[in-house]
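What follows is one structure encoded as C-alpha coordinates, with my remarks underneath.
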Amino acid sequence: IKDFVSQASRLVIEAKYVRSADHGKSIVKEVNDDIETYRYHQYCDDLVFFIYDPDAFIPDAGALDRHITASRSYGDKVLRCHCVIKP
(Lines give C-alpha, C1' and ligand atoms only; values in the text may rest on other atoms or scores of the structure.)
Protein backbone atom coordinates (compact mmCIF):
# COMPACT_ATOMS: atom_id res chain seq x y z
CA ILE A 1 0.00 0.00 0.00
CA LYS A 2 1.48 3.29 -1.08
CA ASP A 3 1.61 5.91 1.66
CA PHE A 4 1.51 8.88 -0.72
CA VAL A 5 1.46 9.10 -4.51
CA SER A 6 1.65 12.26 -6.59
CA GLN A 7 0.84 11.45 -10.19
CA ALA A 8 1.71 15.00 -11.28
CA SER A 9 5.16 14.85 -9.66
CA ARG A 10 5.61 11.13 -10.42
CA LEU A 11 6.59 10.67 -6.78
CA VAL A 12 5.85 8.04 -4.14
CA ILE A 13 6.59 8.48 -0.43
CA GLU A 14 6.87 5.32 1.60
CA ALA A 15 6.86 5.80 5.41
CA LYS A 16 8.44 3.25 7.73
CA TYR A 17 8.43 3.03 11.52
CA VAL A 18 11.20 0.89 12.99
CA ARG A 19 9.49 -0.85 15.89
CA SER A 20 12.13 -3.25 17.25
CA ALA A 21 15.78 -4.28 17.02
CA ASP A 22 14.82 -7.20 14.76
CA HIS A 23 12.90 -4.86 12.48
CA GLY A 24 15.90 -2.50 12.43
CA LYS A 25 18.09 -5.35 11.22
CA SER A 26 15.59 -6.45 8.54
CA ILE A 27 14.46 -3.04 7.26
CA VAL A 28 16.85 -3.29 4.30
CA LYS A 29 14.97 -6.37 3.01
CA GLU A 30 11.66 -4.56 3.39
CA VAL A 31 13.01 -1.55 1.48
CA ASN A 32 14.47 -3.77 -1.27
CA ASP A 33 11.08 -5.47 -1.66
CA ASP A 34 9.42 -2.06 -1.98
CA ILE A 35 11.93 -0.93 -4.60
CA GLU A 36 11.22 -4.05 -6.65
CA THR A 37 7.48 -3.33 -6.45
CA TYR A 38 7.72 0.37 -7.35
CA ARG A 39 9.98 -0.22 -10.33
CA TYR A 40 6.78 -1.26 -12.16
CA HIS A 41 4.58 1.60 -10.88
CA GLN A 42 3.56 3.87 -13.74
CA TYR A 43 3.61 7.06 -11.64
CA CYS A 44 6.83 6.45 -9.72
CA ASP A 45 10.02 8.02 -11.02
CA ASP A 46 11.12 9.14 -7.54
CA LEU A 47 10.67 6.94 -4.49
CA VAL A 48 11.26 8.54 -1.10
CA PHE A 49 11.65 6.40 2.00
CA PHE A 50 10.92 8.27 5.21
CA ILE A 51 12.17 6.01 8.00
CA TYR A 52 11.37 6.90 11.60
CA ASP A 53 13.73 5.17 14.02
CA PRO A 54 13.24 6.89 17.41
CA ASP A 55 15.00 4.15 19.39
CA ALA A 56 17.98 3.81 17.01
CA PHE A 57 17.24 0.18 16.19
CA ILE A 58 18.89 0.42 12.74
CA PRO A 59 22.45 -0.92 13.31
CA ASP A 60 24.09 1.35 10.67
CA ALA A 61 21.77 4.10 9.48
CA GLY A 62 24.50 5.60 7.26
CA ALA A 63 24.97 2.33 5.40
CA LEU A 64 21.20 1.99 4.95
CA ASP A 65 21.02 5.54 3.57
CA ARG A 66 23.85 4.85 1.12
CA HIS A 67 22.21 1.58 0.04
CA ILE A 68 18.85 3.21 -0.65
CA THR A 69 19.93 6.53 -2.16
CA ALA A 70 20.67 5.73 -5.79
CA SER A 71 19.23 5.77 -9.27
CA ARG A 72 18.34 2.35 -10.58
CA SER A 73 17.81 1.55 -14.25
CA TYR A 74 15.37 -1.10 -15.44
CA GLY A 75 15.46 -1.04 -19.22
CA ASP A 76 13.84 2.27 -20.23
CA LYS A 77 12.76 3.09 -16.68
CA VAL A 78 14.90 4.98 -14.18
CA LEU A 79 13.83 4.87 -10.55
CA ARG A 80 15.48 7.45 -8.32
CA CYS A 81 15.42 6.38 -4.67
CA HIS A 82 15.88 8.78 -1.77
CA CYS A 83 16.15 8.19 1.96
CA VAL A 84 15.34 10.25 5.02
CA ILE A 85 16.07 8.62 8.39
CA LYS A 86 14.84 10.45 11.47
CA PRO A 87 15.65 9.48 15.05
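Starting from 1, each residue takes its place in the sequence as its number. Just the heavy atoms: all of them, side chains too, but no hydrogens, waters or symmetry mates, feed the values below.
For residues 45-66, the pairs satisfying ring-ring contact (aromatic ring centres under 6.0 Å, His included) are Tyr17-Tyr52, with sequence neighbours left out.
Each of Val84 and Ile51 belongs to its own hydrophobic cluster when Ile, Leu, Val, Met, Phe, Trp and Tyr are linked at side-chain heavy-atom distances under 4.5 angstrom.
Residues Asp46 and Leu79 are not in side-chain contact: their nearest non-hydrogen atoms beyond the backbone lie 4.5 Å or more apart.
Not counting sequence neighbours, the partners of Arg10 by the side chain to side chain donor-acceptor pair (under 3.5 Å) test are Asp45. Residues forming a salt bridge (charged side-chain N to carboxylate O under 4.0 Å, His left out) with Lys86 (at least two apart in sequence, or on another chain): none. With sequence neighbours excluded, no residue forms a salt bridge (charged side-chain N to carboxylate O under 4.0 Å, His left out) with Arg72. For Asp34, the side chain to side chain donor-acceptor pair (under 3.5 Å) criterion is met by Lys16, not counting sequence neighbours. In terms of the side chain to side chain donor-acceptor pair (under 3.5 Å) criterion, residue partners of Ser6 (sequence neighbours excluded) are, by chain and number, Ser9.
The backbone N or O of Ile58 sits less than 3.5 Å from a side-chain atom of Asp53, completing a donor-acceptor pair. Using modelled atom types, no side-chain atom of Arg39 and backbone atom of Ile35 make a donor-acceptor pair closer than 3.5 Å. Under the 3.5 Å distance criterion, the side-chain polar atoms of Lys77 are left unmatched by any main-chain donor or acceptor of Gln42. In this structure, Asp65 contributes its side chain and Ala61 its backbone to no donor-acceptor pair below 3.5 Å.
Counting heavy-atom neighbours within 6.0 Å of Tyr40 OH, excluding the residue itself, gives a total of 12 or less.
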Check step by step if side chain to side chain contact (heavy atoms under 4.5 Å, CB included) holds for Val31 and Ile27. CA-CA 6 Å; Val31 166; Ile27 192 84; 4.2 Å; yes
Side chain to side chain contact (heavy atoms under 4.5 Å, CB included) assessment of Ile85 paired with Leu64: CA-CA 9 Å; Ile85 301 173; Leu64 179 61; 4.1 Å; yes
Before giving the answer on side chain to side chain contact (heavy atoms under 4.5 Å, CB included), spell out for Thr69 and Arg80 the whole-Å C-alpha distance, their side-chain angles and the decisive distance to 0.1 Å. CA-CA 8 Å; Thr69 304; Arg80 292 176 298 273; over 6 Å; no
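Between Ser73 and Val78, the shortest heavy-atom contact is OG-CG2, 4.0 Å. Nearest heavy atoms, Gly24 versus Pro59: O-CD, 3.5 Å.
Atom SG in Cys81 sits 8.0 Å away from atom CD1 in Ile68 (nearest 0.5 Å). For the atom pair Glu14 CD and Cys44 SG, the distance stands at 9.5 Å (nearest 0.5 Å). Going from atom CG of Asp55 over to atom CZ of Arg19 covers 13.0 Å, rounded to the nearest 0.5 Å. The OG atom of Ser26 sits 11.5 Å away from atom CG of Asn32, with the distance rounded to the nearest 0.5 Å.
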